[in-house]
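Heads up: the structure comes next, in structure tokens.
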Amino acid sequence: MPPSNQPQMCLVQVSSRAWGGSADSGMACLEDIPYPIHTLRRLQDVFPNTPLCLIAPDFDRSAGLENLLQEYSMHNVTIVYGAAASPLKRMVQATQALAESAPILRINGENLFTHPRSLRDLMALWSDTPHCDGVKFSDDYPAKLTADIYRVGALRQALALLPQENAFHVHVKHFMAHHPSFQIATLSPTLYYTDDEMRSLRHALNTGLGNPEPGIGRLLVDHSLSIPQGDQLSFHYEKALDYIEPGSDVLDIACGPGYGAKMLAQKSARVFAGDIDETMIQQVRHAYKDEPAIVFDVMDATKLPLKDNQVDAITSFETIEHMTDLDGYLQELNRVLKPKGLVMISTPQNGFGSVPLTVSHFREFSYPELKHIIESTFDIVEFIGIKQGRIYFPNDPIGNNSLVIARSRK
């Protein structure tokens with residue numbers, strides 16, 4: 001039995017596939033060792049007497065996780081396979097032998113750099129909070145440095161209250177934090193790494209991905225394999241469609257593999273889909289050759305090949321964090337927008353974003369920072385703080401991802 005200052009079990013959530021259906025970077029390697037092994041070793045150091053368990057989706061039964069544990073001598077780690085769309089069900093399944101009062105820790109396998117002091121802070125806050133059902137990081141804390149604590153009985157109660165698999169099955173802490181039946185504590189946002197240490201971690205992750213030089217990362221969606229409950233990338237476009245008038249001309253800048261442009265074409269007269277990656281544009285032109293409403297072209301977001309006042313709306317998702325010239329980027333979007341046209345921007349929300357862990361990101365922004373930047377050029381119509389995945393709450397701008405709908409002042 002672990003001591004009272006340690007969780008009764010640590011659950012490490014792993015998957016070979018991201019929610020959008022593409023391969024998950026969480027199974028990449030650092031120093032030739034997969035991220036989840038690093039994470040398991042960190043948990044062993046911080047909580048030496050606590051049982052460890054990988055919780056994985058059913059589709060990974062043949063992924064060789066057992067062999068992975070054997071290769072790295074992780075003999076005391078168990079594996080539970082369960083519902084692909086419900087980490088909540090997997091957590092309940094993995095902890096079925098524990099008492100209702102038992103605290104357990106859940107962490108993503110890719111969160112190998114979550115600071116040991118932060119992990120101890122989670123347990124300390126749990127111990128200091130009477131009748132606590134869980135402990136989480138602040139909603140805008142760097143996602144790759146987080147973990148959660150839950151009371152086992154609270155997880156079982158949450159599952160009973162959520163009979164249908166939905167977005168809260170993916171990120172149950174946000175359901176619990178907004179439901180009167182639960183008491184969830186939130187850690188004070190403290191980053192224990194210096195900027196120089198963050199740069200070292202960033203470099204290590206970049207090298208581990210086999211890309212020693214910074215480059216533009218690609219966020220991919222495969223709708224044939226995606227799990228909608230957690231697919232945030234498609235969710236951005238779904239929300240955009242709520243604001244786009246039928247028959248509009250729309251620019252989708254940084255269109256990537258084109259899935260979003262295809263979604264926008266359902267409602268638009270024309271979609272100008274641009275990306276700075278020439279190879280990507282060649283690929284999507286072929287993939288969507290039967291979509292006459294979409295015009296794919298190589299585009300630089302700061303030098304768009306469009307006329308003044310040409311489009312009714314612009315989507316620019318997961319783009320602004322790559323930009324070094326923010327004013328030039330926003331002014332160029334405003335130039336091609338028609339008077340009172342809409343621009344929709346999404347980006348990671350990060351309260352400590354001066355040195356983001358994602359190497360292709362030049363800067364990540366807190367809610368106040370991004371609000372100030374957007375308002376320098378546009379009038380904000382709605383600022384959505386996406387907690388995680390597809391979860392957001394009206395009039396709450398704080399989250400792990402920002403989705404901003406703004407209007408040109410022209």
Side-chain angles (χ1 to χ4, degrees), residues 9-48 50-81 84 87 90 94 105-119 142-147 191-220 222 225 279 348 355-362 364:
M9 181 179 284
C10 291
L11 305 181
V12 179
Q13 187 172 315
V14 296
S15 176
S16 64
R17 191 188 305 165
W19 296 104
S22 62
D24 196 298
S25 62
M27 296 301 288
C29 291
L30 176 64
E31 298 174 346
D32 296 323
I33 299 173
Y35 290 174
I37 299 298
H38 286 286
T39 302
L40 288 166
R41 289 175 174 174
R42 172 151 296 193
L43 293 172
Q44 286 180 326
D45 290 341
V46 178
F47 304 121
T50 297
L52 304 177
C53 177
L54 295 181
I55 54 172
D58 282 325
F59 58 71
D60 273 338
R61 288 184 183 274
S62 59
L65 293 176
E66 289 84 0
N67 294 336
L68 190 70
L69 295 178
Q70 184 176 1
E71 178 181 355
Y72 292 97
S73 300
M74 308 298 292
H75 301 302
N76 296 323
V77 179
T78 57
I79 305 176
V80 167
Y81 298 97
R90 284 182 251 158
L105 180 142
R106 187 218 63 90
I107 187 170
N108 286 333
E110 66 177 330
N111 289 14
L112 63 163
F113 292 134
T114 300
H115 202 286
R117 288 181 65 182
S118 293
L119 294 172
K144 292 181 180 179
L145 300 177
T146 63
L191 187 67
Y192 289 119
Y193 292 111
T194 66
D195 281 358
D196 284 344
E197 288 171 331
M198 288 291 288
R199 290 186 188 97
S200 295
L201 299 182
R202 173 185 169 101
H203 176 74
L205 288 175
N206 188 42
T207 303
L209 289 172
N211 178 20
E213 298 297 329
I216 297 176
R218 304 293 2 171
L219 296 172
L220 305 179
D222 181 345
L225 297 174
T279 300
V355 185
L357 281 179
T358 302
V359 71
S360 60
H361 294 180
F362 180 74
E364 293 178 358

query = Can you name the closest pair of heavy atoms from Leu68 and Pro34 and give their distance?
reply = CD1-CG, 3.5 Å
ask   = Is Tyr192 close to Leu145 at the side-chain level, that is, under 4.5 Å between some pair of heavy atoms?
value = no
request  = Please name the pair of heavy atoms, one in Ala143 and one in Asn111, separated by the smallest distance, quoted to 0.1 Å.
outcome  = O-ND2, 3.1 Å
query = Got a donor-acceptor contact below 3.5 angstrom from the Thr39 side chain to the Gly109 backbone?
reply = yes
query = Residues in ring-ring contact (aromatic ring centres under 6.0 Å, His included) with Phe59, at least two apart?
reply = none
Expected output: side-chain Arg202 to main-chain Pro356 donor-acceptor under 3.5 Å = yes
query = Hey, what do you get for NE2 (His115) to OG1 (Thr146), rounding to the nearest 0.5 Å?
reply = 14.5 Å
request  = List the steps, then state whether side-chain contact (heavy atoms from CB on, under 4.5 Å) holds for Val80 with Leu11.
outcome  = CA-CA 10 Å; Val80 167; Leu11 305 181; over 6 Å; no
inquiry  = Is it true that, when you exclude Gln70 itself, more than 12 heavy atoms of the residues, nucleotides or ligands shown sit nearer than 6.0 Å to its CD?
reply    = no
message = Do Pro57 and Arg17 make a side-chain contact, defined as non-hydrogen atoms from C-beta onward lying under 4.5 Å apart?
response = no
Stepwise side-chain contact (heavy atoms from CB on, under 4.5 Å) check, Ile79 with Leu69 = CA-CA 10 Å; Ile79 305 176; Leu69 295 178; 3.7 Å; yes
request  = Might you point out which heavy atoms bring Leu30 and Ala204 nearest each other, and give the distance in Å?
outcome  = CD1-O, 3.3 Å
inquiry  = Given 3.5 Å as the limit, does a donor-acceptor pair link the side chain of Arg90 with the main chain of Ala84, or not?
reply    = yes
query = Nearest heavy-atom pair of Leu43 and Cys10: which atoms, and what distance?
reply = CD1-CB, 3.9 Å
inquiry  = When you measure from the side chain of Thr358 to the backbone of Ser360, do you find a donor-acceptor pair of N or O atoms at a distance under 3.5 Å?
reply    = no
ask   = Donor-acceptor pair, Arg42 side chain versus Thr114 backbone, under 3.5 Å?
value = yes
task = Compare every heavy atom of Ser15 with every heavy atom of Met27, then report the nearest pair and how far apart it is.
result = CG-O, 3.5 Å
task = Supply the atom-to-atom distance Ile55 CD1 to Asp60 CG, rounded to the nearest 0.5 angstrom.
result = 12.0 Å
task = Indicate yes or no: does Arg199 engage Asp196 in a salt bridge with an N to O separation below 4.0 Å.
result = yes
message = Taking Phe113's backbone N and O only, do any of them form a donor-acceptor pair with Tyr193's side chain (distance below 3.5 Å, no angle check)?
response = yes
ask   = Which atom names give the shortest non-hydrogen contact between Pro36 and Gly26, and what distance separates them?
value = CD-O, 3.5 Å
Derivation of the side-chain contact (heavy atoms from CB on, under 4.5 Å) call for Leu201 and Leu357 = CA-CA 7 Å; Leu201 299 182; Leu357 281 179; 3.7 Å; yes
ask   = Near Asn76 CG, under 6.0 Å, is it more than 12 heavy atoms from other residues, nucleotides or ligands?
value = no
query = Are the side chains of Phe47 and Leu119 in touch, meaning some heavy atoms are under 4.5 Å apart?
reply = yes
note = dist Glu110:CD -> Gln13:CD (nearest 0.5 Å) comes out at 10.0 Å
message = Let's go through Asn108 and Arg106 carefully: what are the C-alpha distance in whole Å and the side-chain angles of both, what is the deciding distance for side-chain contact (heavy atoms from CB on, under 4.5 Å) to 0.1 Å, and is it a yes or a no?
response = CA-CA 7 Å; Asn108 286 333; Arg106 187 218 63 90; 2.9 Å; yes
